[in-house]
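Inspection log for the structure reproduced underneath, given as structure tokens.
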Amino acid sequence: MILDGQDPAAVLSAAQALARGELVGLPTETVYGLAADAGSDPAVARIFTAKGRPSDHPLIVHVAGVEGVNAFAHDVPAFAQRLIQTFWPGPLTLILPRRPEAGAAAAAGQDSVGLRCPSHPVAHALLKACEALGVHGLAAPSANLFGRVSPTTAAHVQGEFGDGLLVLDGGACEVGIESTIVDCTRGAPVLLRPGGVTREQIEAACGQPLRTREELASPDPRASGTLEAHYAPQAKVRLMEAQALQTALDVLGPQASAVAVYARSPLRSPAPGVLLRPMPEQADDAARELFAALRDFDLAGVKLIWVETPPATPAWEGVRDRLQRAAAA
Ligand code: TXA
Ligand code: MG
């Protein structure tokens, strides 16, 4: 059931459902989440079951504000505090040392916890309403079946989980790809997943360079967003440079069908049956429509999606990352 997220009565029903241990589809500025009370292990377990997600893949806990950090984390390093001040509320998740008594199921038993304060007004209203009912954080992965394309509209969420799930409609997501994740448990910031906040913005706010996991040798936490194959539509995705793409189109011949092309460069297809969709020229516009575009191609029934490789610049890192994973599936 989709309810209008602008309606305070709908937000209250959603908060009450969460307080009863049920799941709710939650709009955020990045993608829609499948939310449960982070303080309830049985409620969190329902997320893993509904998604078909392996139980050792930790979830992000969403909090209403900076105050929420101390409920779940301790020993927040100075660079992480700067990141919080600069980017919260917004599309940035921080991995922090976890309070042993809080969020164990959401963290999949790890001694760290991923925290994020979303900027979407409906998410904020829901988190506030939850607090009033004694629910102090919402565990929420993207609201898609494991390995599939993340949802950016309420209808996408309903398509994944059916009408039995209460989904708050907050419109189409502004950012369109998942939050940037920075691991703050290793003494220096480590980028685990590129996203709406860029590498350059993080380094500027931290006042220090991002490091890689390889540089700071220690056991890797499991991050499903960092699995190679992920965000996969039904059709097979292939990344190509514009010229190779044009050559491939020419070779296909005029009878070709069931192929979609998603490119920034102006390409010509000799086959009228090939679906040509222009990719936006700006990285943030491309991010905003990326997952909906992949879903549209599936709905159109294509078997192949040929995508022009995005530029190798920091602004495009999040989009490039998602497309590379979609292509690896
Ligand atoms: O934008 C987003 O982050 C969205 C919206 C709903 O907030 N959520 C999202 O959740 O993308 P999910 O579960 O699809 O991705 C969460 C990522 C996973 O890759 C997970 O492994 C990682 O965060 N993660 C969560 N807690 C972690 C931890 N303690 N250590 C390492 N990685 C963690
Ligand atoms: Mg996900």
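Residue numbers run from 1 in the order of the sequence given. Start at 1 and go down the list; that is how both ligands and their atoms are numbered.
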Counting from 1 in the order shown, the ligand 1 atoms closer than 4.0 Å to a non-hydrogen atom of I181 are 17 (C), 22 (C), 23 (O)
Honestly, for H57 the part within reach of ligand 1 (heavy atoms, under 4.0 Å) is neither
Test item: side-chain donor near acceptor, T93 and S179, under 3.5 Å
yes
#### Entry: NZ/NE/NH1/NH2 to OD/OE distance under 4.0 Å, E160 and R148
no
Any N/O/S atom, side chain or main chain, of S142 closer to the Mg ion (ligand 2) than 2.8 Å?
yes
Exercise for review: Determine, for D298 against R295, whether the closest basic-nitrogen to carboxylate-oxygen distance falls under 4.0 angstrom.
Suggested key: no
> Taking the six-membered ring of W316, is NZ or CZ of R264 closer than 6.0 Å to its centre and within 45° of its axis?
Replying inline: yes
Donor-acceptor pair, distance only, cut-off 3.5 Å: does the side chain of R288 make one with the backbone of E174?
yes
If we number the atoms of ligand 1 from 1 as shown, the ones under 4.0 Å from a heavy atom of H62 are 5 (C), 6 (C), 7 (O)
| request: Please check if the side chain of E29 supplies one atom and the backbone of V175 the other of a donor-acceptor pair under 3.5 Å. | output: no
Note: ligand 1 atoms sitting under 4.0 Å from heavy atoms of P141 are 10 (O), 12 (P), 13 (O)
So for V113 against ligand 1, with non-hydrogen atoms under 4.0 Å, the contacting part is backbone
Residue-ligand contact A140/ligand 1, heavy atom below 4.0 Å | yes
Less than 3.5 Å apart, any donor N or O on the side chain of R322 or S150 sitting next to an acceptor on the other? no
### Task
Determine, using heavy atoms of R53 and all atoms of ligand 1, whether some pair is separated by less than 4.0 Å.
yes
Within 4.0 Å of some non-hydrogen atom of S112, the atoms of ligand 1 are 28 (C), 29 (N), 30 (N)
Exercise. Please determine if R116 has a nitrogen or oxygen closer than 3.5 Å to a nitrogen or oxygen of ligand 1.
Key: yes
So the atoms of ligand 1 within less than 4.0 Å of a heavy atom of G33 turn out to be 6 (C)
(request) Verify the distance criterion only: is there a donor paired with an acceptor across the side chains of Q201 and T198 at less than 3.5 Å? (result) yes
Note: ligand 1 atoms sitting under 4.0 Å from heavy atoms of L59 are 25 (C), 26 (N)
- Polar atom proximity, S179 to ligand 1 (N or O, under 3.5 Å): yes
Note: ligand 1 atoms sitting under 4.0 Å from heavy atoms of S142 are 8 (N), 9 (C), 10 (O), 12 (P), 14 (O)
I'd like to know if the side chain of R82 and the backbone of C206 have a donor-acceptor N/O pair within less than 3.5 Å.
yes
Any nitrogen or oxygen of T30, main chain or side chain, under 3.5 Å from a nitrogen or oxygen of ligand 1? yes
*asked:* Looking only at the side chains, is there a donor atom on one of Y262 and E289 sitting less than 3.5 Å from an acceptor on the other?
replied: yes
- Look only at interatomic distance and state if E178 has a nitrogen or oxygen under 3.5 Å from any nitrogen or oxygen of ligand 1. no
Could you tell me whether F146 and H57 have their ring centroids closer than 6.0 angstrom?
yes
Counting from 1 in the order shown, the ligand 1 atoms closer than 4.0 Å to a non-hydrogen atom of R193 are 2 (C), 3 (O), 9 (C), 11 (O), 15 (O), 16 (C), 17 (C)
